[in-house]
Each structure stands twice: as structure tokens, then as C-alpha cells.
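These notes concern the structure reproduced below.
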Protein chains: 2
Amino acid sequence: MRLSGAFLPVTAHEREFIQDFRSNTLRIGAGKQIVREQVVTRRMFTLFSGWAFRFKTLSDGRRQILNFVLPGDMFGLQQQFADGATYGVEALTGAAVCVFPSNHLWDLYRAHPKVGYEVTWLAAREENMLDENLLTTGRRNAMERVAMLLIHLFKRAQRVGLVAEDNSFAFPLTQQHVSDALGLSLVHTNRTLRKLHQLGLHEIKDGRLHLLNPKALRRLADYADHPLQQVPLL
Amino acid sequence: MRLSGAFLPVTAHEREFIQDFRSNTLRIGAGKQIVREQVVTRRMFTLFSGWAFRFKTLSDGRRQILNFVLPGDMFGLQQQFADGATYGVEALTGAAVCVFPSNHLWDLYRAHPKVGYEVTWLAAREENMLDENLLTTGRRNAMERVAMLLIHLFKRAQRVGLVAEDNSFAFPLTQQHVSDALGLSLVHTNRTLRKLHQLGLHEIKDGRLHLLNPKALRRLADYADHPLQQVPLL
DNA sequence: CGTGGAGTTGACTTAAATCAAACGCAGTGG
DNA sequence: CCACTGCGTTTGATTTAAGTCAACTCCACG
């Protein structure tokens, strides 16, 4: 994964330390929960392969997807400091995760401040994504929301080398996931997706998403393009 | 501020270091911007006194308030790692902030991993709040949203000693702020606030918010109460 | 006094939710 | 081999929560 160009280089020494720190690697089946809501686990994860998402639910079952987790992304950090229930994480596809014992997180910082710095970096990056999602659910309308999600996931998939030469990539979300991520109803999400398709902006075929008119999508979503930047990888 | 009981104790040595690291203290007038959207500043802040809020805007002016900043809260960390524009921060009241030169953040981690660890802690805490806000704007209806905001701000004000014995506290938000935080229109926010008031759940008088029926508000918002926990303070 | 920001209210519109019913298709088991 | 099932998608009809437009009040302030 380090070879994809999306991540900062590490020294052999650092890599070795990270390997040590990692307690083990887990394989998760599609649709299985990696972190259960309400249950505080003292573990932290990095996604190795596959897709997952973080979510919260209200007591009557309404669900909000907080963000999607792609290879290289970290999650579970908050649990370390949480005073109680926080969020759940579910695998969208078969996935492999690295597990870190986060009860030793402080030891990590002491022994390898550099790695600690990088954890913070990743956390800050995720916070930026949450900010953007909040702007989306709070102030964008349905068309804009869907356009935003498509282009955002495209960019993220691209940075970790998941996008093919024809600008398409495996898209494991159901429309239910899309609606839960955007705060829309399933039906309305379908209609909106349909409308974007009819406008020729995208196409989903055989489980792959093709962006047919990225420029129009970007304009529609008022999406601010960020230059690709290397980030740390644990 | 350290005396309020909301924050973790620090050793004299640590405090001294934090003082050193701080470049200076700034006073901000109500309504003034502390961080301008689009402008990347290499600085980090801790709010000393007063209220502020983080926000993002779309190019046509629609604004989303991401979260409110209360004394002891840190902000600006993301800028350090940002590849471009992120968010703005505006003072709601007169405010005092500590400024840290965040281009030396890595030095900080190296010299004082403990402080680095605490920065991460604060970042994770803020991420939890953003998660909750996302659930609110994505899945709660107007009544639930407003109830959520009132009780959430109450709890946060309480933890830093801003709440008087009569369960009231100085409430510097206009209805415009409330609506921008919740993703509602101004008019609808007003009606909803009015309805909650008529139900006897709250009262805003002389710029102070009184929660008249916190239990009902909590039930309405499906608010999960967290035990008060001490957090670091920079 | 006049001006402008914040709050309030009524009338009306609309985007999105809800309800309900099909459809296509993959998997399964008789 | 094929009916049965269930999940994901699609579509139409209808309702509703929230947005929009517009006007008016109530201060605080110069």
C-alpha cells in the first residue's frame, strides 16, 4: 500500500516499530460490524483493504453515516478518549484491518512522538472531512449532496489507486448507504441519482461508478478541489 | 481556568512549557473573525474566555456553523495539515485566545510527547462533537435539533462553570446562529424555538438561556448523557 | 427621531418525506 | 430445472415539514 504514492515515506526503523505496535490483522466479512455502537473498545484500527463506514443511530433506528473509510484510513481513535458510547463501524465489502491496542497509545507517543504526530495528522484530516459532510447535510440540497458524495468518493478512491483508467471504480454502496450518508430518504435519493444519470453526469453499472462529467458534478456540488497531498500511514 | 475542575491537572513543568510555547494572547471583539476562511494560517488557538464558532460557507453564501467554541477548546489544528481552504472562526462575544505557532507543532511533539498526546485527545473530543452534529443535521427534525442544541450547549457551558445556580447561562447566539448551526431556515428556527417555549421547555430572557425542563428536552432530542470527564487544557 | 438588527407572524410554495406497489435479479431449496 | 424469496431499485400518488416572501414590532443606538 505504501507504494501507491498516497502516503508519506517511513524509515525502516519506524515501520518496524509500527509492526510491533500492531497487535494483529483481522479479516472482516462484508456487512459485518467492526466496532459496535455503545460498546467501548480500547482498540484502534487502520483499514488495509476494502471499504467501511462509521455511523451513529438514534434510539428509534434512524441512522446517519458519518464518513466512509477507505484503505489507509484510521478509525477508533476517539474511543480511546470517549466517556461512553460513540459510533459503530461496519464493513461495506470484505475488508482487512490492522488492530492497535489503543490503551497503550500514550506509550506510543512517548516512545515515538513522530508516530504520535502522524496520528494527530490523520485525526485532523478526518475532522476536515467531517466538516465538509456537515456543510453538505446542513446546507446543500439533494442534487448537490449526491453530486458531492460521488465526486468526493471518486477523489478519495483515486488517491489510493482504486480508480481504473476509464475513470470508473468499484462502488460498494447501496442507495440506502447513500441516503444515510446524506441525510435523505431512500426514495428521494433514488430519484436524485436518477436525475443526475439522466443529465449524463454519472453511471453505475455492474457495481462500478463512472463519472461521465466530473466538471459538471464539481460545479453542481460547489466542490473545492484540493491538491493531492501525501499523508501518513500507520 | 484550571481551577474549574473541568480540566486535567498539569505539573508546574508542563505549564511552564506551554506558556513558553504560546506566542501570545489576543483579544477579539464580538463578531470579529479570528480565522478567515480560505486563508491558511499556521497558527493554533485555545479559547481563553468568551464564545466563538467555526463555520464554512458555500460560494453562494449559505453558511454552516460546524461547532461552537467554548473556553478551553482548541481550534485551528486542522490548518496545520490542511492542503488548502478549510473553515473560518468568528467570535460571538468579546473573546481572548492563546495563540500557538503551529508550524512548530512537530517540535512540540518531539519535546513534549505528553502535550502532543493531549492535543490528540482534544482533537478526538472535537471529532465526537462533530459526529453528533452530523447526526443532528442529517437525521433529527427541527424540534429535535433545537432541543439538542440547547441541551448540548447547556452541558458544555456547565462543565466550564458558566451556568448559574438557577440553571441559566449567558446565551450569545442569535436565532441566525442557531439556524446556521442546525441547517434550518431562520424563520423555521424561530417558530420551533417559539413552540419549545410554549411547551415550557425553555426561556430566553435578557440574553440568558434557562432550561425549564431539561428532562423533556433530553427525551425530545434523544440526547445521550455522558458523565463529566476531565480533559486536557493547553 | 431615524435607522438597522433581531425577533415574530401570516400566507403561500416547495423540496423532500411517506406510502404503496412493482420490477429485476441472485440465491436457494424442493 | 424452476418456483419461491428477499434485497435493491424504481416509479407514481400524496402528504408534510420546512423554506420563502413579506410585513410588522421592538428595542438599542447615534
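Only a predicted model underlies this, so the values are computations on that prediction, with no experimental measurement involved. The chains referred to below are lettered A, B, ... by the order of the sequence lines, with proteins before strands, and numbering in each begins at 1.
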> side chain to side chain contact (heavy atoms under 4.5 Å, CB included) with Thr57(A): which residues, sequence neighbours excluded?
Replying inline: Glu37(A), Phe55(A), Arg63(A)

> Looking across every strand, which nucleic acid part, if any, lies under 4.0 Å from Gly183(A) by heavy atom: base, sugar-phosphate, or nothing?
Replying inline: sugar-phosphate

> Only one of Val178(A), Asn190(A), Thr189(A) clears side chain to side chain contact (heavy atoms under 4.5 Å, CB included) with Leu184(A); which?
Replying inline: Thr189(A)

> Got a sec, which residues hit salt bridge (charged side-chain N to carboxylate O under 4.0 Å, His left out) with Glu144(B), two or more places apart in sequence or on another chain?
Replying inline: Arg62(A)

>> Any heavy-atom pair between the side chains of Asn67(A) and Phe75(A) that's under 4.5 Å?
In response: no

>> Restricting to ring pair (Phe, Tyr, Trp, His ring centres under 6.0 Å), what partner residues turn up for Phe169(A), sequence neighbours left out?
In response: Phe154(A)

>> Using five pairs at each end of the helix from dC1(C)-dG30(D) to dG30(C)-dC1(D) to define an axis, what is the angle between those two axes, to 10°?
In response: 30°

> Just how far, in rounded Å, is P of dC26(D) from CG of Asp206(B)?
Replying inline: 17 Å

> Which residues pass the ring pair (Phe, Tyr, Trp, His ring centres under 6.0 Å) test with Phe7(A), sequence neighbours left out?
Replying inline: none

>> Just to verify, what does Ser49(A) make a side chain to side chain contact (heavy atoms under 4.5 Å, CB included) with, not counting sequence neighbours?
In response: Ala96(A)

> With respect to the phosphate group of dT10(D), does any side-chain polar atom (N or O) of Gln175(A) fall under 4.0 Å of OP1 or OP2?
Replying inline: yes

> Excluding sequence neighbours, so at least two apart, what forms side chain to side chain contact (heavy atoms under 4.5 Å, CB included) with Gln78(B)?
Replying inline: Ala124(A), Glu127(A), Asn128(A), Asp131(A), Arg54(B), Tyr87(B), Glu126(B)

For a quick test of your reading: what N or O donor-acceptor pairs under 3.5 Å do the side chains of residues 196-218 of chain B make, sequence neighbours left out?
residue: Arg208(B); atom: NE; partner: Ser168(B); partner atom: OG; Å: 3.1
residue: Arg208(B); atom: NH2; partner: Ser168(B); partner atom: O; Å: 3.2
residue: Arg208(B); atom: NH2; partner: Ser168(B); partner atom: OG; Å: 3.2
residue: Asn213(B); atom: OD1; partner: Ala216(B); partner atom: N; Å: 3.2

Atom pairs under 3.5 Å, N or O on each side, protein against nucleotides 11-13 of chain D: can you list them with distances?
residue: dG12(D); atom: N7; partner: Arg191(A); partner atom: NH1; Å: 3.2
residue: dG12(D); atom: O6; partner: Arg191(A); partner atom: NH2; Å: 3.2
residue: dA13(D); atom: N6; partner: Arg191(A); partner atom: NH2; Å: 2.9

>> Without decimals, in angstroms, what is the distance between Phe171(A) CZ and dG8(D) C1'?
In response: 14 Å

Side chains of residues 28-36 of chain A: which donor-acceptor pairs under 3.5 Å do they make with residues two or more places apart or in other chains?
none

> Got a sec? Which of residues 139-147 of chain A come in under 4.0 Å of DNA chain C, heavy atoms?
Replying inline: Asn141(A), Ala142(A)

> Looking at residues at least two apart in the chain, or sitting in another chain, which of them share a salt bridge (charged side-chain N to carboxylate O under 4.0 Å, His left out) with Arg125(A)?
Replying inline: Asp73(A)

> Just checking Thr174(B): base, sugar-phosphate only, or nothing, at a heavy-atom cut-off of under 4.0 Å?
Replying inline: sugar-phosphate

>> Considering every strand and a 4.0 Å limit on heavy-atom distances, what is the contact class for Leu184(A): base, sugar-phosphate, or nothing?
In response: sugar-phosphate

